[in-house]
2 protein chains.
Amino acid sequence: MPSLDRSVLERLPTFRRMAGEDIDMLLKDAHPSRFSKNSEIFSQGEEARSFFLLISGHVRVVRTSAQGDKVIVRHINEGELMGIAIAMERAVYPASAIAIVECLVLNWPNSAWPSLKSKVPGFGTAVYRTIGQRFQETHDRVLEMASEQVEQRVARAMLRLMNEAGRQTADGMEIDFPITRQEIAEMAGTTLHMVSRLLSVWKDQGLVRGARQKIVISNPHGLMRVAERHRDE
Amino acid sequence: MPSLDRSVLERLPTFRRMAGEDIDMLLKDAHPSRFSKNSEIFSQGEEARSFFLLISGHVRVVRTSAQGDKVIVRHINEGELMGIAIAMERAVYPASAIAIVECLVLNWPNSAWPSLKSKVPGFGTAVYRTIGQRFQETHDRVLEMASEQVEQRVARAMLRLMNEAGRQTADGMEIDFPITRQEIAEMAGTTLHMVSRLLSVWKDQGLVRGARQKIVISNPHGLMRVAERHRDE
DNA sequence: CGCTGTGTTGAATGCCGTCAACGTCGGTGG
DNA sequence: CCACCGACGTTGACGGCATTCAACACAGCG
């Protein structure tokens with residue numbers, strides 16, 4: 001007996017093309033759980049026992065180095081997969097996942113993966129497509145970190161946030177969850193000081209509006225021009 | 001009739017655990033090809049039609065941005081897979097692959113992938129394990145670029161080279177293929193000037209020996225200590 | 001023997017990280 | 001309710017590291 005109605009999954013792009021009975025089969029092995037704000041869904045280095053689908057809320061994925069430096073790898077949004085280490089034969093989670101707000105999560109034990117993959121081929125394909133997209137994004141980020149200035153990197157981080165979790169409001173695109181300057185810095189590989197300075201400049205130019213733990217991009221196109229501005233222009 | 005003997009694959013770690021008949025099945029769909037030094041095996045943005053296994057030689061994988069900036073994503077060594085876009089449902093190659101020296105390559109048409117995956121499960125697993133390892137390495141690199149100084153990044157790039165293509169000689173570990181300062185800079189996200197300066201310093205300290213397009217690491221442990229040295233030590 | 005690609009080194013510029021001080025918001029407890 | 005405190009945010013000043021600019025050396029090759 002599925003613990004969630006199939007209609008919950010049918011709305012998500014990942015599952016839109018799947019047959020109803022396939023979705024039921026997925027749900028048979030899954031169970032939902034709730035995570036409170038700031039709680040950890042899985043932890044870097046911990047043995048990977050499950051993989052997850054975020055039903056509602058927002059999740060931050062963080063990778064920490066041996067020296068304690070942190071980067072925010074990505075944000076996970078409603079309908080996206082996370083913790084899919086098993087699909088790449090990895091024994092431990094490569095990063096930590098933290099609920100930014102109250103979250104509802106579906107999780108499958110890793111033991112269900114092989115049979116799901118063979119019985120619901122569309123699911124395996126969706127997982128591998130997700131991996132491919134994220135891999136490419138990660139490579140883009142290496143290139144970005146290697147070749148662009150702080151200003152461009154921060155602008156790109158903001159645009160990424162907008163695409164991931166932008167919500168249209170009267171003032172512009174608002175990021176749908178609370179985020180600090182420090183966290184934007186950890187997305188762009190810089191310090192909160194630089195982020196604060198840049199946001200101040202952009203506010204004066206009418207590109208963004210900010211408040212405590214809140215960002216609104218009032219002129220996305222203008223911000224894109226900043227992001228694309230190269231060193232010698 | 002296989003165009004290569006199975007013994008060629010049996011020696012490679014990727015295939016060591018596979019049954020002989022499975023290897024024969026793989027070889028049935030593959031055909032070998034030769035690439036001369038500096039020729040392109042596949043090209044960034046080009047429609048992905050095949051995936052590859054490097055039999056002998058060395059390959060450089062390069063990603064170029066819209067602005068023309070380049071990074072060396074990784075080096076491919078004998079026995080490693082490359083161009084496996086199909087496994088992640090990607091239509092085009094995300095980077096270019098260039099033969100550093102004369103290379104012998106096995107290639108499969110993408111059309112062979114679905115049946116290979118289902119008929120030789122060990123092969124699919126090997127591919128996905130490879131993807132997982134590289135994904136993790138790429139994440140490590142993002143973290144490294146975000147948090148470490150140029151000196152540490154160059155030291156790490158050298159150590160990566162050593163692990164990927166080190167050959168023990170009387171003087172130390174020698175990188176097995178020609179590589180310029182410019183290319184090391186593209187691995188570490190800096191300029192050839194910085195690389196040249198650092199190598200000079202390290203040569204004086206007895207850590208490395210260099211020549212034109214050649215690097216020998218005479219004291220790997222010492223170089224590791226440089227790589228691990230943090231900002232405030 | 002000139003030319004091109006590669007490598008080295010010095011000097012100057014400037015970006016950006018660090019240090020420091022202060023301001024503000026929100027939650028908590030008296 | 002209000003005072004307090006900690007987390008978050010802003011801004012200025014300074015200094016150092018890394019890029020840039022520049023000049024030169026050297027090797028390999030046609």
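Protein chains get the first letters and strands the later ones, always in sequence-line order, with residue 1 at the start of each. It should be emphasised that the depicted structure is a prediction, and the values quoted were computed from it without experimental measurement.
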Hey, what's the ring geometry for Phe52(A) with Tyr93(A), parallel, tilted or perpendicular (30° and 60° as the breaks)?
tilted

Just to be sure I understand the rule, does Ser200(B) reach a base, reach only the sugar-phosphate, or reach nothing, if contact means heavy atoms closer than 4.0 Å?
sugar-phosphate

Counting only side-chain nitrogens and oxygens, does Gln182(A) get under 4.0 Å of the OP1 or OP2 atom of dG9(D)?
no

Could you state the atom-to-atom distance from CG of Leu199(A) to C1' of dT11(D) in whole Å?
14 Å

If you find the nucleotide of DNA chain D closest to Lys214(A) and the one closest to Thr190(B), which residue's nucleotide is nearer the 5' end?
Lys214(A)

A side-chain contact here means heavy atoms from C-beta on lying under 4.5 Å apart; do Val61(B) and Met82(B) qualify?
no

Arg160(A) and Glu137(A): CA distance, side-chain angles, deciding distance, salt bridge (charged side-chain N to carboxylate O under 4.0 Å, His left out) verdict
CA-CA 10 Å; Arg160(A) 241 184 293 139; Glu137(A) 287 164 12; over 6 Å; no

Would you mind reading off the distance between Trp202(A) atom CH2 and dT10(D) atom P, rounded to a whole angstrom?
13 Å

Over its full length, what angle do the end axes of the helix from dC1(C)-dG30(D) to dG30(C)-dC1(D) make, each axis taken from five pairs and the result rounded to 10 degrees?
30°

Spacing of Lys203(A) atom NZ relative to dG9(D) atom C1', expressed in whole Å
10 Å

Could you give the CD-to-C1' distance, from Gln213(B) to dT4(C), as a whole number of Å?
13 Å

Report yes if a side-chain nitrogen or oxygen of Arg181(A) is closer than 4.0 Å to either non-bridging phosphate oxygen (OP1 or OP2) of dG9(D); otherwise report no.
yes

Parallel, tilted or perpendicular, judged at 30° and 60°: which one describes the rings of Phe177(B) and His75(B)?
tilted

Rounded distance [0.5 Å steps], CG in Asn163(B) versus CG in Asn77(B):
10.5 Å

Give the rounded distance in Å between these two atoms: CG of Leu198(B) and P of dG7(C).
15 Å

Would you please confirm or rule out a distance under 4.0 Å between OP1 or OP2 of dC17(D) and any side-chain N or O of Gln149(B)?
no

Please test Arg153(B) against Glu148(B) for salt bridge (charged side-chain N to carboxylate O under 4.0 Å, His left out), starting from the C-alpha separation and ending with a verdict.
CA-CA 6 Å; Arg153(B) 299 209 304 271; Glu148(B) 280 172 22; over 6 Å; no

Rounding to an integer number of Å, can you tell me how far His193(B) NE2 sits from dA18(D) C1'?
11 Å

Interatomic distance, Arg209(A) CZ vs dG9(D) C1' [rounded to whole Å]
17 Å

At less than 4.0 Å, is any side-chain N or O atom of Thr191(B) found next to OP1 or OP2 of dT20(D)? Yes or no.
no

Find out whether Met173(A) and Leu159(A) are in side-chain contact, i.e. whether some heavy atom of one side chain is under 4.5 Å from a heavy atom of the other.
no

Rounded interatomic separation in angstrom, taking CZ from Arg212(A) and P from dG23(C)
16 Å

Could you tell me whether Ser196(A) contacts a base, only the sugar-phosphate backbone, or nothing, with contacts defined as non-hydrogen atoms closer than 4.0 Å?
base

Test for a donor-acceptor pair under 3.5 Å between the base of dT18(C) and the side chain of Arg197(A), counting only N and O atoms.
yes

